[in-house]
Number of protein chains: 2
Amino acid sequence: MEYKKKVQQLIVDLKTNYLLSVSIDCVIFGFHAGQLKVLLLRWKETDDWCLPGGRILHEENMDEAAHRSLRERTGLHEIFLQQFHTFGDVLRYKNFSQQETLLKLGLPDDALHEFINRDVSVGYYALVEFAEVTPTPDFFTDECRWWDVDQIPLLLFDHNDMIVLALKTLRRQLTYQPIGYNLLPDKFTMPDLQQLYETILGQSLDRRNFQKRMLGYGILERLEERKTGGAHKAPYLYRFNKENYEKALADEILFVG
Amino acid sequence: MEYKKKVQQLIVDLKTNYLLSVSIDCVIFGFHAGQLKVLLLRWKETDDWCLPGGRILHEENMDEAAHRSLRERTGLHEIFLQQFHTFGDVLRYKNFSQQETLLKLGLPDDALHEFINRDVSVGYYALVEFAEVTPTPDFFTDECRWWDVDQIPLLLFDHNDMIVLALKTLRRQLTYQPIGYNLLPDKFTMPDLQQLYETILGQSLDRRNFQKRMLGYGILERLEERKTGGAHKAPYLYRFNKENYEKALADEILFVG
DNA sequence: CCAAAAGTGTTGGAATTACACCCATGC
DNA sequence: GCATGGGTGTAATTCCAACACTTTTGG
């Protein structure tokens, strides 16, 4: 069988070209229609969803491996990517019927230990611009799509835990670093930015105070243009001042919270 | 040669019983005489120092592996231990002459790739009570001792980077979580606690404001006793209220900063 | 009795929160 | 013209930082 052969080949490839015992999992956050979203993959022939992941080549930095995996799943090149935790429990492989999966992949039972080892997995989270992503499944999956962060189903392995912790880390980061450069389009309105913050934090903020605060950090440039087409008063458009934005990222000032 | 044989045995042991490609490094902080200290190991027959580390057994949770390593190096059982970053650059193995090391260990050149692989390393930091530690070298080292955190020499691998980042993480943690339970003896004075904070933060704090703040969090219990024997006015002794302390740890309130 | 450390409260300023009115646009 | 959302400033409060005097103890 052609397919079976390909899987065997893949396993050999994994064993020879990649670091053993370590994998990478990515929580890719996007923002659309007032909702924070996460990109998930569905395993072939199943209803089982999981996070996109990858492995590390022998001569490759771990961060580069994460970027590479992300590129493959989203088509994006320059993305904000950050390690948030490394998961090393033996029991990570819950919610997963190995037998069943092997069956579906058309593999013999004894391929089991070749296929799913006990790995340590390094969790990264990424912030990407929703509209620019082209979700792309990999060899083992046949669907890749966005899920609302508050409607995630039961995932394979410990991937639900990963999303929870990634979100927690993101919220914390929001309190000492600016966020938005990687989640919003180039030009955006103040209400857009506020909605992003509110969505991530899960609470509403005062419009006027929020604006004062954001402008106070000097990371925003107001453009001459306004956003037209809305049913109401046209809001100004803003753009991030990349230089000051980077400076704020480095300084780790207290932001919101 | 007896020694050589033992090394070969160790390598076999590593390859069969432990996860490949993943290691653990621990930055163990202690506090003594107004100084923050880190526990370092010196490689046999060299002046090369490095952090204590370990590896993960196949059926062992990563956190347990870290605890086990720590137990072996310090003799301590219940320690505060926290993962802070995972280091995955290919160039982690700087400041390290493999040739030289193999020579000193009395191993042939071709043992090189068996011995030092390119690993991903998970960094943990620990907070321990200085007085209760019994520093213990391992097989590859013949000295284990405390170093002042601001007098660390050039270490093997990327271990200097690890200490810097561990300290940075510790300082950040100090701003949203209480610290002290694992670094101070059971009973301590307010000036003791303040000195700890000042040492970690690297800055002096106002005595009165500090006390107000700490008492405000309700994590301290003042005892009837006072610390006698000092040349001056006897300060009160305090003890952490474990329950409230744990609650504060979980709540992640804003503390100092 | 003097030096050195510890105990304790108050006050002023800065930062944060709360809050209200006017303006533009599409229907 | 009206409903909806966007733009803007001020007053009240809270939080934090600065600060000084008294007490105890050993020498």
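Below, chain A is the first sequence line, B the second, and so on; all start at residue 1.
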Legend entry - Rounded interatomic separation in angstrom, taking CZ from A:F210 and C1' from C:dC19: 19 Å

Inset, instruction - Taking only the side-chain heavy atoms of A:H232 (C-beta and beyond), determine which of D:dG7, D:dT4, D:dT23 contains the nearest atom. - result: D:dT4

Legend entry - Rounded interatomic separation in angstrom, taking CZ from B:R226 and C1' from D:dG26: 16 Å

Inset, instruction - Among C:dT8, D:dT25, C:dG9, find the nucleotide with the atom closest to the side chain of B:R222. - result: C:dT8

Legend entry - B:E72 and B:R68 ion-paired at < 4.0 Å: yes

Inset, instruction - With B:R42 as reference, evaluate B:D48, B:T141, B:D47, B:D142 under the side-chain hydrogen bond (donor to acceptor under 3.5 Å, both in side chains) test and give the passing residue. - result: B:D142

Inset, instruction - Would you please classify the geometry between the A:Y181 ring and the A:Y245 ring as parallel, tilted or perpendicular, with 30° and 60° separating the classes? - result: tilted

Legend entry - CD/A:E78: more than 12 non-hydrogen atoms of other groups inside 6.0 Å: no

Legend entry - Spacing between B:D206 atom CG and C:dA6 atom C1', to the nearest angstrom: 13 Å

Inset, instruction - Using only heavy-atom distances, decide whether a donor-acceptor pair under 3.5 angstrom links the side-chain of B:R208 to the base of C:dG7. - result: no

Legend entry - Atom-to-atom span, CZ of B:R207 to P of D:dC19 - whole angstrom: 14 Å

Inset, instruction - Whole angstrom is fine here: how far is it from CZ in A:R213 over to P in C:dA14? - result: 18 Å

Legend entry - Nucleotide C:dC22, atom P - distance to NZ of A:K233 in whole Å: 13 Å

Inset, instruction - Round to a whole Å and report the spacing from CG of A:L205 to C1' of C:dT16. - result: 13 Å

Inset, instruction - Would you kindly compare B:A234 and A:P191 by the position of their nearest DNA chain D nucleotide and give the one closer to the 5′ end? - result: A:P191

Inset, instruction - Grab the NZ-P distance between B:K227 and D:dG26 for me, whole Å please. - result: 14 Å

Inset, instruction - Report the residue (B:T189 or B:K212) whose heavy-atom-nearest nucleotide on DNA chain C is the more 5′ of the two. - result: B:T189

Inset, instruction - Kindly point out which of D:dG7, C:dC19, C:dG9 is positioned nearest to the side chain of A:N209? - result: C:dC19

Inset, instruction - Could you tell me whether the side chain of A:D251 and the main chain of A:A248 form a donor-acceptor pair under 3.5 Å? - result: no

